[in-house]
**Q** 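I am attaching a structure below and will ask some questions about it afterwards.
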Amino acid sequence: MSGAEALIAGLRQADPDRLAMALLAPRPARLRLLGLYALNDELARTALAAREPLVAEMRVRWWADRLAAMAEGPPPAHALLDALWAGWGREAATLAPLAEARLHDAARLPHPDVEAVIAYADATGGALMERAGAALGAGEPAVFRDQGRGAGLVAWLRARPALAALGLALPGPDPAALPALAQAAREAFASARAQRRRVPRGAHAVLFPGAAVGAALRSAAAGTDPAGPSEFARRASLARLALTGRWRI
């Protein structure tokens, strides 16, 4: 199995939406995107896999260090690092902040306030989407950061109950928190939408924020934890993306 085939197989199980995004992108960028999205999944799982925060932090730090070291040359033999080197070369070092952002999860620390959740969404979803834009050579990183902030906040809102059980949500009940985060996501999506003419058509797929985002934001604005999309909604949304390239909220 080739490196790309292994990445596809892994993402088919772990993150089928981002697999679809990578495969809908122009062919020259696909290996870069497959590696990027596989790394994102690996980092998210690594940060939460160990029961002991210190062990989890050490494992995430290993990834941050290995990625940063790729600025100097090829990594030690490792399937995912090899794939990242094949797709990104020395530019893989620019992915190190994605690992550093997960140190917060590894430490099992709550976010102190809404602003901290927004900053976390920027460092995870926003940075991931910006790097996806870079993989495609898109020259307007702001639109990718804004769209990524919105998508990251929606993902956090949907995951909030599970995160709370791990001590990773907000420190206590705050009836204003979900509506505030929903509003921040709406503003981020609106900013991205306003810049839509700057996005090359080949980059549309990587701006996909997920299915049923509007319904999720309406739930959060009403103070209710939003559910994830149904399988039907997810497939329909991806089909629309494939047919029309429409990514805007």
Side-chain angles (χ1 to χ4, degrees), residues 1-15 18-19 21-23 25-109 116 119-142 144-145 148-149 151-152 155 168 203 206:
M1 182 182 292
S2 71
E5 289 171 340
L7 294 174
I8 289 170
L11 286 169
R12 184 173 288 118
Q13 295 296 320
D15 196 343
R18 289 198 174 95
L19 171 60
M21 291 158 67
L23 296 180
R27 187 175 296 276
R30 287 179 190 170
L31 180 59
R32 301 187 96 193
L33 290 169
L34 290 169
L36 175 65
Y37 295 148
L39 174 65
N40 181 65
D41 175 64
E42 177 69 25
L43 294 174
R45 289 189 296 104
T46 297
L48 300 177
R51 293 193 177 195
E52 290 296 325
L54 181 58
V55 174
E57 288 183 57
M58 290 173 62
R59 291 175 179 173
V60 173
R61 176 53 62 188
W62 183 90
W63 277 101
D65 291 345
R66 296 291 81 71
L67 291 166
M70 289 165 77
E72 305 300 324
H78 182 284
L80 180 50
L81 291 175
D82 289 345
L84 289 168
W85 179 259
W88 292 80
R90 294 178 189 268
E91 275 190 271
T94 65
L95 308 180
L98 293 173
E100 292 162 1
R102 297 293 179 174
L103 289 170
H104 177 275
D105 295 342
R108 303 296 195 275
L109 296 173
Y120 174 81
D122 286 342
T124 53
L128 178 69
M129 203 166 276
E130 182 183 357
R131 290 293 84 204
L136 291 159
E140 294 289 343
F144 293 89
R145 286 195 298 267
R149 169 187 279 194
L168 288 169
V206 302

**Q** Counting only pairs under 3.5 Å, give me each side-chain donor-acceptor contact of residues 57-80, with atom names and distances, residues two or more places apart or in other chains.
**A**
residue: His78; atom: ND1; partner: Leu80; partner atom: N; Å: 3.2
residue: His78; atom: ND1; partner: Leu81; partner atom: N; Å: 3.3

**Q** Over all heavy atoms of both residues, which pair between Gly152 and Ala121 is shortest? Give the atoms and the distance, please.
**A** C-CB, 4.0 Å
**Q** For Pro26, give me all partners under side chain to side chain contact (heavy atoms under 4.5 Å, CB included), at least two apart in sequence or on another chain.
**A** Pro28, Leu136
**Q** At what distance, to the nearest 0.5 angstrom, does CG of Leu98 lie from OG1 of Thr124?
**A** 8.5 Å
**Q** Looking only at heavy atoms, which two atoms of Ala25 and Arg30 are closest? And how far apart?
**A** O-NE, 2.9 Å
**Q** Name all residues meeting the salt bridge (charged side-chain N to carboxylate O under 4.0 Å, His left out) criterion together with Arg18; count only those two or more places apart in sequence or in a different chain, and write none if there are none.
**A** Asp15
**Q** At their closest point, which heavy atom of Ala203 faces which heavy atom of Phe144, and how far apart are they?
**A** CB-CZ, 3.8 Å
**Q** For Ala49, check side chain to side chain contact (heavy atoms under 4.5 Å, CB included) against everything at least two apart and list the hits.
**A** none
**Q** Among all residues two or more places apart in sequence or in another chain, which pass the side chain to side chain contact (heavy atoms under 4.5 Å, CB included) test with Ala56?
**A** Ala50, Ala106, Arg108
**Q** Using a 3.5 Å cut-off and no angle test, enumerate the donor-acceptor pairs between side-chain atoms of residues 31-46 and protein atoms at least two apart in sequence or in another chain.
**A**
residue: Arg32; atom: NE; partner: Gly87; partner atom: O; Å: 3.0
residue: Arg32; atom: NH1; partner: Ala135; partner atom: O; Å: 3.4
residue: Arg32; atom: NH2; partner: Glu91; partner atom: OE1; Å: 2.8
residue: Asn40; atom: OD1; partner: Arg102; partner atom: NH2; Å: 3.4
residue: Asp41; atom: OD2; partner: Arg45; partner atom: NE; Å: 3.1
residue: Glu42; atom: OE1; partner: Arg45; partner atom: NH2; Å: 2.8
residue: Glu42; atom: OE2; partner: Thr46; partner atom: OG1; Å: 3.2
residue: Thr46; atom: OG1; partner: Glu42; partner atom: O; Å: 2.7

